[in-house]
Colleague: 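The structure is given below, and queries will be raised subsequently.
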There are 2 protein chains.
Amino acid sequence: MQGSSHDDVRRHNLSVVLRLVHRSGAASRSQLTRVTGLNRSTIAALVAELVERGLVVESEPSSTNQVGRPSPIVSVSEQVVALAVNPEIDAVTIGIVGLDGQVHRRVRYPTDQSPSVPEAVNIAAAVIDGMRGELEARFKVVGIGVAVPGLVRAHDGLVRHAPHLGWIDEPLAEMLEAATGYPVLAANDASLGAMAERFFGAGKGITDLIYLNGGASGIGGGMIVGGAPAGGIAGYAGEFGHTRVSDSDRVDSAGIRGTLEAEVTRRELLEVLGLAGADADELEQALLASTSAVVRAEVNRQIDHLAVALAGAINILNPQLVVLGGFLAALLAVDADRLRSAVASHSLDAAFGSVRLSAAELGSNLLMIGAAELAFEGLLDDPAGLPAGAGTISA
Amino acid sequence: MQGSSHDDVRRHNLSVVLRLVHRSGAASRSQLTRVTGLNRSTIAALVAELVERGLVVESEPSSTNQVGRPSPIVSVSEQVVALAVNPEIDAVTIGIVGLDGQVHRRVRYPTDQSPSVPEAVNIAAAVIDGMRGELEARFKVVGIGVAVPGLVRAHDGLVRHAPHLGWIDEPLAEMLEAATGYPVLAANDASLGAMAERFFGAGKGITDLIYLNGGASGIGGGMIVGGAPAGGIAGYAGEFGHTRVSDSDRVDSAGIRGTLEAEVTRRELLEVLGLAGADADELEQALLASTSAVVRAEVNRQIDHLAVALAGAINILNPQLVVLGGFLAALLAVDADRLRSAVASHSLDAAFGSVRLSAAELGSNLLMIGAAELAFEGLLDDPAGLPAGAGTISA
DNA sequence: GTGATACGTTGCAGAACGCTACAAATCGAC
DNA sequence: GTCGATTTGTAGCGTTCTGCAACGTATCAC
């Protein structure tokens with residue numbers, strides 16, 4: 001319950017303009033006036049301030065075949081970037097992501113075994129140190145976002161529990177901040193995936209969506225509720241993988257029986273296909289190509305269980321869109337009709353009627369974009385909060 | 001993505017102050033300055049405007065045993081009220097609810113059979129006409145809120161489907177607006193219950209909660225996510241009753257198998273108790289008094305199924321609080337430990353660790369307060385939007 | 001009573017936005 | 001190619017709202 005003063009108005013309006021060009025791409029000043037409802041002169045002043053702070057660039061208008069004076073195009077500065085870090089079982093991936101959502105660079109640093117927290121921090125810090133010359137010469141770095149495959153406490157980036165990495169109560173953000181000097185934020189990978197798909201992928205402009213991702217180690221998810229990412233009270237929200245879908249005794253990674261993650265697994269799909277390993281695209285191709293009845297039965301079994309979990313979430317959240325990533329997208333691709341009708345049979349007509357099932361669009365850049373978005377969040381909320389023209393951000 | 005101007009600042013600050021005295025009760029001006037962060041002089045101006053508009057009242061400070069000049073107490077005007085309407089299977093209830101949350105009057109108009117929409121509208125309009133003398137003399141009515149046991153489309157109050165009333169696609173809000181002349185908003189009863197409990201009941205000050213209500217005709221619910229009521233894309237969110245909790249063939253009111261509403265019913269509790277009918281309090285007393293093993297077995301069965309649904313919701317939403325109303329509160333009262341441990345066994349430790357299970361507090365006034373809150377919403381969002389000093393609101 | 005403290009009140013200054021008038025750039029018609 | 005219509009940028013002014021500082025006032029402690 002905070003009152004707002006004039007400073008807040010300015011901050012808010014700068015934030016609105018920067019968010020627009022960040023999320024919707026380049027826009028003319030006249031478009032900005034229409035969308036924001038602000039006056040021409042106000043938009044001019046706001047854009048001028050953002051230009052001065054090096055956050056956006058104005059460029060010559062392209063010919064639009066429209067009457068009237070052409071309006072300058074406002075686009076995000078290519079110099080403003082965030083660093084994205086994603087520790088996994090077999091690698092740590094580090095990326096440089098522009099404020100326009102472009103992934104400038106991505107480095108995957110493979111590890112022999114699942115990295116410990118100090119190892120992951122050391123790898124990330126070393127790679128970032130290697131990039132530092134380039135970063136300081138060409139870019140302004142706003143901070144680091146980390147996508148963690150596990151539960152992360154929102155306010156301080158403490159990793160409560162990352163089962164596949166074996167991390168428990170690790171102050172990851174704090175350590176990486178100390179090692180690099182950049183401000184660090186961390187969050188659950190699937191929540192960040194939901195945010196990325198929402199802004200830059202299948203969910204553009206949508207206010208209520210559910211995102212489920214199927215990976216080698218399980219199923220995670222995230223949601224956007226009423227236009228805002230829903231993190232829950234401590235940032236643990238979105239664990240769709242542990243939803244109960246059957247009375248069976250199969251146990252998931254958290255030891256819970258009959259859950260989505262226990263019934264719907266990538267491993268079993270690979271087994272019936274006779275594949276040793278495959279990425280998401282290869283798995284989808286193999287499933288589509290297969291004519292085996294055994295494969296088909298397994299696919300159907302998994303689709304039916306997935307449908308129960310989706311229907312439950314749809315009944316509760318009444319979303320506009322369900323985005324499926326990883327091998328769950330493959331299940332959708334193989335038999336969308338079966339999935340749709342199975343979901344329909346478990347959900348309320350009214351809630352199901354307006355929902356669309358869709359595959360994720362961002363592919364391998366998903367987590368880079370999501371993690372960077374986390375780091376950009378502070379800048380987008382308060383574009384004037386950081387010192388103008390600073391090359392790097394110090395604590 | 002809207003910009004804000006000076007008008008918005010004023011509107012926002014008026015809204016913040018009015019919301020504070022509405023939700024947290026009377027407060028001194030100095031308290032308001034502290035909570036809002038606004039300047040003394042600004043608060044003085046805001047309160048003065050709210051007084052002039054007849055929305056709040058300033059009164060002499062009570063002796064607080066504190067040094068310094070006493071600060072006037074700001075409280076909500078007792079004249080500002082909303083009308084609450086709640087159609088049910090066997091009655092239509094109409095209430096007058098003050099902006100302070102006080103229920104001034106409640107009229108339950110019993111019906112022989114489940115009322116049709118025109119009947120419900122006629123009853124409500126007739127009762128309100130009967131009150132009109134009192135309303136126009138003593139009160140300023142901001143509008144009518146309707147709590148409907150069914151799916152309601154948010155933006156226009158169309159009742160999509162109210163199974164127990166047998167209503168399908170009924171323009172309830174429109175009809176009641178035409179019949180009474182007051183602006184009408186409608187929403188799902190359980191969603192409104194969630195809102196009421198959040199602001200005036202067990203969930204005061206909590207930003208993430210789930211509310212489940214067990215009634216004679218089924219189980220409904222609502223949620224607050226990140227401080228805001230979550231309605232979904234069309235206002236249908238919160239249908240926890242249709243979450244799958246078992247593989248059984250029991251069917252719920254929507255024809256879906258193995259759901260919470262199919263397994264956990266008030267009817268079966270009454271049956272094992274040998275009771276013909278009972279309100280929520282009587283049922284709870286009877287359950288607590290019973291020593292029958294059969295009763296106990298049925299309670300345990302229902303608790304275990306309830307736990308599955310709660311755990312699923314907790315994993316997905318990571319709330320701070322779960323509020324149980326109706327006969328679900330009775331199950332909690334009978335064996336809170338069993339419910340807690342059953343929920344724990346189906347949920348993630350991290351998400352379950354911070355959650356509290358609690359019984360609803362508002363009892364029979366719940367829906368009156370929730371429906372009124374819906375009607376107050378517009379006023380709270382824009383206290384200056386309505387003409388100052390108007391006795392009633394015309395379209 | 002006197003001082004300290006906290007708060008209301010008043011007048012003024014600053015910040016931000018909208019408005020209006022004017023200038024500039026484009027398209028289409030002749 | 002020129003002219004008018006249209007759209008938008010630009011500059012200056014006015015309005016609105018909040019913050020600040022100074023002063024007045026009411027209470028408590030001694």
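Lettering of chains follows the sequences in order, A, B, ..., and the numbering in each one begins at 1. Only this structure's heavy atoms are used, side chains among them; waters, hydrogens and symmetry mates stay out.
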Colleague: Which label fits His22(B) and Phe200(B): parallel for a plane angle under 30°, tilted from 30 to 60°, or perpendicular past 60°?
Modeller: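 Plane angle over 60°, so perpendicular.
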Colleague: Look at Arg29(B) and dT9(C) and indicate whether a side-chain polar atom (N or O) is within less than 4.0 Å of OP1 or OP2.
Modeller: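 Arg29(B) to dT9(C) OP1/OP2: side-chain N or O found under 4.0 Å.
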Colleague: With nearest nucleotides of DNA chain D determined for Ser41(A) and Val67(B) from heavy-atom distances, which residue corresponds to the more 5′ nucleotide?
Modeller: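 Whichever sits nearer the 5' end wins; that is Ser41(A).
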Colleague: Considering only side-chain heavy atoms of Val9(B), which listed nucleotide, dT27(D), dC17(D), dT25(D), is closest?
Modeller: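 Of dT27(D), dC17(D), dT25(D), dC17(D) is nearest to the side chain of Val9(B).
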Colleague: Tell me whether the side-chain N/O atoms of Asn13(A) come closer than 4.0 Å to OP1 or OP2 in dA16(C).
Modeller: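 Checking dA16(C) against Asn13(A), no side-chain N or O comes under 4.0 Å of OP1 or OP2.
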Colleague: Of the nucleotides dT9(C), dT8(D), dC17(C), which has the atom closest to the Ser30(A) side chain?
Modeller: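 Output: dT8(D).
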Colleague: How do Gly68(A) and Asn39(A) order along DNA chain D: which one's closest nucleotide is nearer the 5' end?
Modeller: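 With Gly68(A) and Asn39(A) compared, the 5'-side residue is Gly68(A).
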Colleague: Taking 4.0 Å as the cut-off, does a side-chain nitrogen or oxygen of Arg69(A) come that near to OP1 or OP2 on dC22(C)?
Modeller: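 No, because none of the side-chain N or O atoms of Arg69(A) sits under 4.0 Å from OP1 or OP2 of dC22(C).
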Colleague: dG19(D) phosphate, OP1 or OP2: any side-chain N/O from Thr42(B) under 4.0 angstrom?
Modeller: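 Checking dG19(D) against Thr42(B), a side-chain N or O does come within under 4.0 Å of OP1 or OP2.
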Colleague: Within the 4.0 Å heavy-atom criterion, would you say Pro72(B) contacts the bases, only the backbone, or no part of the nucleic acid?
Modeller: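 It contacts sugar-phosphate atoms only.
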Colleague: Do NZ/NE/NH1/NH2 and the carboxylate oxygens of Lys204(B) and Glu197(B) come within less than 4.0 Å?
Modeller: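 No, this pair does not count.
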Colleague: Output yes when Arg19(A) and Asp381(A) qualify as a salt bridge under the 4.0 Å nitrogen-oxygen rule, no when they do not.
Modeller: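 Looking at Arg19(A) and Asp381(A), the cut-off is met.
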Colleague: Report yes if a side-chain nitrogen or oxygen of Arg10(B) is closer than 4.0 Å to either non-bridging phosphate oxygen (OP1 or OP2) of dT18(D); otherwise report no.
Modeller: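 So the side-chain polar atoms of Arg10(B) do come within 4.0 Å of the phosphate oxygens OP1 or OP2 of dT18(D), strictly under.
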